[in-house]
Protein chains: 2
Amino acid sequence: MGTDNKKTAADTTGRIRLENKERIIKAAEKIFAKNGFRGATTADIAAAAELPKANIHYYFGTKEDLYRAVLDEIVALWVSSFREIKHDDDPASTLADYIRAKMELSKNRPHASRVFANELIRGAPRMKDYLEGALKEWVEEKAGIMDQWIEEGRMAPVNTRTLIFHIWAMTQTWADFEVQWTAILGTGDHLGDAEYEEATNAIISMVLRSCGLIPVPPRMTETEMKLTV
Amino acid sequence: MGTDNKKTAADTTGRIRLENKERIIKAAEKIFAKNGFRGATTADIAAAAELPKANIHYYFGTKEDLYRAVLDEIVALWVSSFREIKHDDDPASTLADYIRAKMELSKNRPHASRVFANELIRGAPRMKDYLEGALKEWVEEKAGIMDQWIEEGRMAPVNTRTLIFHIWAMTQTWADFEVQWTAILGTGDHLGDAEYEEATNAIISMVLRSCGLIPVPPRMTETEMKLTV
DNA sequence: ACGAATATTGATCATTTGGTCAAACCAAAA
DNA sequence: TTTTGGTTTGACCAAATGATCAATATTCGT
């Protein structure tokens, strides 16, 4: 009555509108992941969404707008995966949990991971703000806490920013370059739970060992040790 | 006289032809790296090569042919970086050398690295043969040698195939996602020698430590150790 | 059931894009 | 110099592509 709640087409959140937008974003994510922004066509996206091409433009004005919407969803996904780290958390389990969360993302949302990778490869023209803002802050904060851990002797000294980058690299590679791994491992045409499990454990072991958080398993024969030097 | 050495336009290797083909491939590498196969336009490539568009089609029939030529050069580059590994080589220095070689490639040929990454993200439709053939063989051979090292107690037991993948992931990330790192580290708009040096050492330390090939530096204060458990 | 708001869609348009072609150009062998 | 075979280039074309629109259909509050 007294409240001014007139709706415009743009920000209306009706049932049909929400459903269709989500459906289109999901389809767009797949197509953008495969062909990048310039390589993706609105016709392909429409086909993937099983809708007429005109609908895509009805819900998202331009291809550019749609792409931004996809990126927004992905950034939200990324941000939500950043669990809080507190200073008195246990370094080993904190790192292990984070690696597990990242690998879950790679396994469950490979398209999102690839859209992100595509955007980065091209120089992130639409994400510079995010990278230099929120993401940088996140890294600074987390690296800062880890640096404290090191100062307090709770983990071995390493460059913590570089460590974070390498964790990202190893976890993302299983989504972005899946074909490479399936081709070389010879596991059908996509990675199964077993491969992800194995990879996750390998990354956790590697990171924790190199930070002195778990012991490195002994070499097998002690008599051969002198050959190493 | 007696020899049949007629030339066809396709396989002639005249001075001008060679120069122009190389010039076009270099330009194409840059454009394909940024926009992927479908996103790259022959007009952009021609502009980057500072030649009329028709020349591109004169030397390479179709965009597809040009792309394959670029991929061929990249594969050749990759293959040439695969140094021989022999069974009696020293594990630590062999791994370190390989990581250094890969990082050199990332630093010196970032465009090539990104074209490769683009192709993999999209499912490697034109490189399946290479991945399942030569590259797989290379991995099998190298992983086999490393498995022997493990059996002989010359390094700690790890999944060697997975280790190779993670080395690729960490070394490629510095080329493919350069913007991400520059944005977060705040180092102008591209990585300098110092960053590459630091990253290279970090990867080497991480890999060698996790394989028990160099000791993990001790944590700093021994009195705080009980907090960890 | 009615009407206003929202959603659907085929037809259509201007631009971009990969590719062609013929005429002009040039290097170098004869 | 002349000839020959490769090279250069602007003009051009058909197909693909992002985007628009008007006509039609559906939804939903009242």
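In what follows, every heavy atom counts, from backbone to side chain, and hydrogens, waters and symmetry copies are set aside. Quantities reported herein were computed from a predicted structural model and do not represent experimental measurements.
- Side chains of B/His166 and A/Trp174: a donor-acceptor N/O pair is present below 3.5 angstrom, by distance only.
- Within the structure, every pair that satisfies the side chain to side chain donor-acceptor pair (under 3.5 Å) test and touches residues 22-31 of chain B, not counting sequence neighbours, is listed here: B/Glu22-B/Lys26, B/Glu29-B/Arg109.
- One finds no side-chain N or O of A/Thr42 lying less than 4.0 angstrom from the OP1 or OP2 phosphate oxygen of D/dT17.
- C/dG19 atom P lies 14 Å from atom CD1 of B/Ile24, rounded to whole Å.
- Taking atom CG on B/Asn55 and atom P on C/dA24, their separation rounds to 18 Å, with Å as the unit.
- Phosphate contact (OP1/OP2 of D/dT8, side-chain N/O of B/Tyr59, threshold under 4.0 Å): present.
- Taking atom CG of A/Asp65 as the reference point, atom P of D/dG18 lies 14 Å away to the nearest angstrom.
- Between B/Asp147 and B/Lys142 there is no salt bridge, since no side-chain nitrogen of the basic residue lies less than 4.0 Å from a carboxylate oxygen of the acidic one.
- Nucleic acid contact class of B/Phe60 (heavy atoms, under 4.0 Å, all strands): none.
- Protein atom CD of A/Glu19 is 15 Å distant from nucleotide atom C1' of C/dT8, rounded to whole Å.
- Regarding A/Ile56, its CD1 atom lies at a distance of 10 Å from the P atom of C/dT8, rounded to whole Å.
- Using a 4.0 Å cut-off between charged side-chain N and carboxylate O, A/Lys128 and B/Asp189 make no salt bridge.
- Residue-to-nucleotide proximity on DNA chain D shows that, of B/Leu51 and A/Thr41, the 5′-proximal contact is made by B/Leu51.
- Put simply, B/Asn20 has no side-chain N or O that comes within less than 4.0 Å of OP1 or OP2 on D/dG6.
- Phosphate proximity of C/dA7 to A/Arg17: present, with a side-chain N or O under 4.0 Å from OP1 or OP2.
- If you measure from atom CD1 of B/Ile45 to atom P of C/dT16, you get 18 Å, rounded to the nearest angstrom.
- Checking A/Thr94 against A/Asp97 by side-chain atom types alone, no donor-acceptor pair falls below 3.5 Å.
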At under 4.0 Å between heavy atoms, how does the protein contact nucleotides 20-30 of chain D? Give one character per nucleotide, 5' to 3', with B, S or -.
BB-----SS--

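- In this structure, the nucleotide among D/dA19, C/dA7, D/dG6 sitting nearest to the side chain of B/Tyr58 is D/dG6.
- The residue A/Ala40 sits close only to the backbone: its heavy atoms come under 4.0 Å of sugar-phosphate atoms, none of a base.
- Between the CG atom of B/Asp44 and the C1' atom of C/dT16 there is a distance of 11 Å, given to the nearest Å.
- Salt bridge status for A/Lys34 with A/Asp44: absent, with no side-chain N to carboxylate O gap under 4.0 Å.
- For the pair B/Arg23 CZ and D/dT8 C1', the computed distance is 13 Å after rounding to whole Å.
- No salt bridge links A/Glu104 with A/Arg100; every basic N to acidic carboxylate O contact stays at or beyond 4.0 Å.
- Considering only side-chain N and O atoms, B/Arg38 lies nowhere under 4.0 angstrom from the phosphate OP1 or OP2 of C/dG18.
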